[in-house]
Amino acid sequence: MLTLRGITGRIGEDLATAMREDPAATSKVLVALTYPGIHAVWAYRVAHRLWVRARPLQPWARVLSQLARFFTGIEIHPGATIGRRFFIDHGMGVVIGETAEIGDDVLMYHQVTLGGRSRGRFKRHPTVGNRVLLGAGAKLIGPITVGDDAKIGANALVVDDVPPGAVVVGAPGKKHIGDVVA
């Protein structure tokens with residue numbers, strides 16, 4: 001259970017992350033008041049707590065997540081699992097599915113989708129490791145794994161696992177190791 005000190009610490013951590021990741025961020029107050037990616041993550045954290053607490057609270061978690069979507073243009077299912085220092089820059093159009101898992105220190109740009117390709121109550125969305133960069137418009141589809149320190153280029157379509165440290169570009173995405181396409 002997070003304490004008040006823990007909550008304020010997380011808020012401070014989120015604001016510091018935005019200041020570090022976005023060169024246009026000029027003050028923590030401005031970030032707190034005007035960054036929809038920050039607002040969406042904060043709403044997600046409350047909704048996620050409702051989601052995991054008890055089944056009777058899950059409808060309220062969905063209502064909160066849909067309100068956040070309405071106000072921010074960012075849809076994060078309350079069942080998703082998101083690590084610390086996650087920053088969504090220019091977040092409009094981001095979709096994060098129910099069984100998605102996102103590690104720590106992930107930077108995501110606008111119109112990224114962590115989506116499924118099947119129905120059912122099982123793992124159907126991507127798992128994203130730590131320190132991953134997800135470029136604008138990237139689509140990661142299915143129960144794939146993106147390893148730590150990977151970079152997914154803008155508009156890449158990723159349907160296969162990505163090893164740690166790899167760079168993926170194109171549609172469908174191809175792994176680049178230096179100048180060699182794998």
Side-chain angles (χ1 to χ4, degrees), residues 2 4-49 64-97 100-115 125-141 144-158 162 164-171 173 176:
L2 278 178
L4 182 58
R5 176 177 280 160
I7 292 169
T8 57
R10 282 281 178 94
I11 289 170
E13 192 174 72
D14 290 336
L15 296 174
T17 299
M19 295 295 294
R20 181 180 66 248
E21 296 291 351
D22 186 0
T26 56
S27 78
K28 289 182 180 180
V29 171
L30 188 64
V31 169
L33 294 175
T34 65
Y35 276 50
I38 293 285
H39 301 152
V41 169
W42 289 344
Y44 154 78
R45 289 207 181 115
V46 174
H48 183 71
R49 291 186 71 94
L64 178 57
S65 72
Q66 290 305 299
L67 283 170
R69 176 181 157 212
F70 177 79
F71 286 107
T72 66
I74 299 167
E75 181 173 347
I76 305 174
H77 192 287
T81 302
I82 298 176
R84 297 177 72 166
R85 296 173 301 279
F86 172 58
F87 181 57
I88 304 171
D89 196 3
H90 301 289
M92 184 59 77
V94 165
V95 177
I96 300 173
E101 299 174 50
I102 300 172
D104 296 334
D105 303 301
V106 171
L107 173 58
M108 177 183 286
Y109 287 94
H110 60 282
Q111 295 185 339
V112 169
T113 298
L114 303 182
H125 298 96
T127 298
V128 176
N130 299 314
R131 299 171 306 281
V132 171
L133 183 141
L134 301 170
K139 308 299 179 220
L140 288 71
I141 308 297
I144 61 172
T145 299
V146 176
D148 293 346
D149 303 300
K151 291 179 176 50
I152 309 300
N155 294 314
L157 171 61
V158 184
V162 176
V167 175
V168 177
V169 297
H176 282 255

- prompt: What residues form a side chain to side chain contact (heavy atoms under 4.5 Å, CB included) with Leu133, not counting sequence neighbours?
  reply: Leu107, Tyr109, Lys151
query: Residues in side chain to side chain contact (heavy atoms under 4.5 Å, CB included) with Thr72, at least two apart?
result: Pro36, His39, Ala40, Ile74
message: Testing the basics here: between Ala138 and Gly153, what is the closest heavy-atom pair and its distance to 0.1 Å?
response: CB-O, 3.8 Å
- prompt: Taking atom CD1 of Ile11 and atom CD1 of Ile38, what is their separation to the nearest 0.5 Å?
  reply: 10.0 Å
- prompt: Any side-chain heavy-atom pair from Leu114 and Pro126 closer than 4.5 angstrom?
  reply: yes
- line: Value for CD1 (Ile82) from CD1 (Ile76), rounded to nearest 0.5 Å, stands at 4.5 Å
Taking every non-hydrogen atom, the tightest pair across Ala18 and Val31: CB-CG1, 3.6 Å
- prompt: Can you find a pair of side-chain heavy atoms, one from Met108 and one from Ile96, that are under 4.5 Å apart?
  reply: yes
- request: List for me each residue that meets side chain to side chain contact (heavy atoms under 4.5 Å, CB included) alongside Glu101, sequence neighbours excluded, and say none if there are none.
  value: Thr81, Lys123, Thr127
- prompt: About how many Å separate NE2 of His125 and CD1 of Ile141, when rounded to the nearest 0.5 Å?
  reply: 8.5 Å
message: According to salt bridge (charged side-chain N to carboxylate O under 4.0 Å, His left out), does anything in residues 72-83 pair up with another residue at least two apart or in another chain? List the pairs.
response: Arg69-Glu75
- line: One should read off an interatomic distance between Leu134 CG and Thr113 OG1, to the nearest 0.5 angstrom, of 11.0 Å
message: Give me the atom names and distance for the closest heavy-atom approach of Leu64 to Ala43.
response: CD2-O, 3.7 Å
message: Among residues at least two apart in sequence or on other chains, which ones pass ring pair (Phe, Tyr, Trp, His ring centres under 6.0 Å) with His110?
response: none
- prompt: Do any pairs count as a salt bridge (charged side-chain N to carboxylate O under 4.0 Å, His left out) and have a residue in residues 77-94, sequence neighbours left out, and if so which ones?
  reply: Glu13-Arg84, Glu13-Arg85, Arg85-Asp105
- request: Check Val146, Leu140, Ile152 against Val168 for a side chain to side chain contact (heavy atoms under 4.5 Å, CB included) and give me the one that passes.
  value: Ile152
message: Using the side chain to side chain contact (heavy atoms under 4.5 Å, CB included) criterion, which residues pair with Asp148? Sequence neighbours excluded.
response: Asn130, Arg131
message: Can you tell me how far apart CD1 (Ile88) and CG (Asp22) are? Round to the nearest 0.5 Å.
response: 13.0 Å
message: Applying salt bridge (charged side-chain N to carboxylate O under 4.0 Å, His left out), can you list everything that pairs with Glu21, at least two apart in sequence or on another chain?
response: none
- request: For Tyr35, enumerate each residue passing the ring pair (Phe, Tyr, Trp, His ring centres under 6.0 Å) test, keeping only those at least two apart in sequence or located in another chain.
  value: none
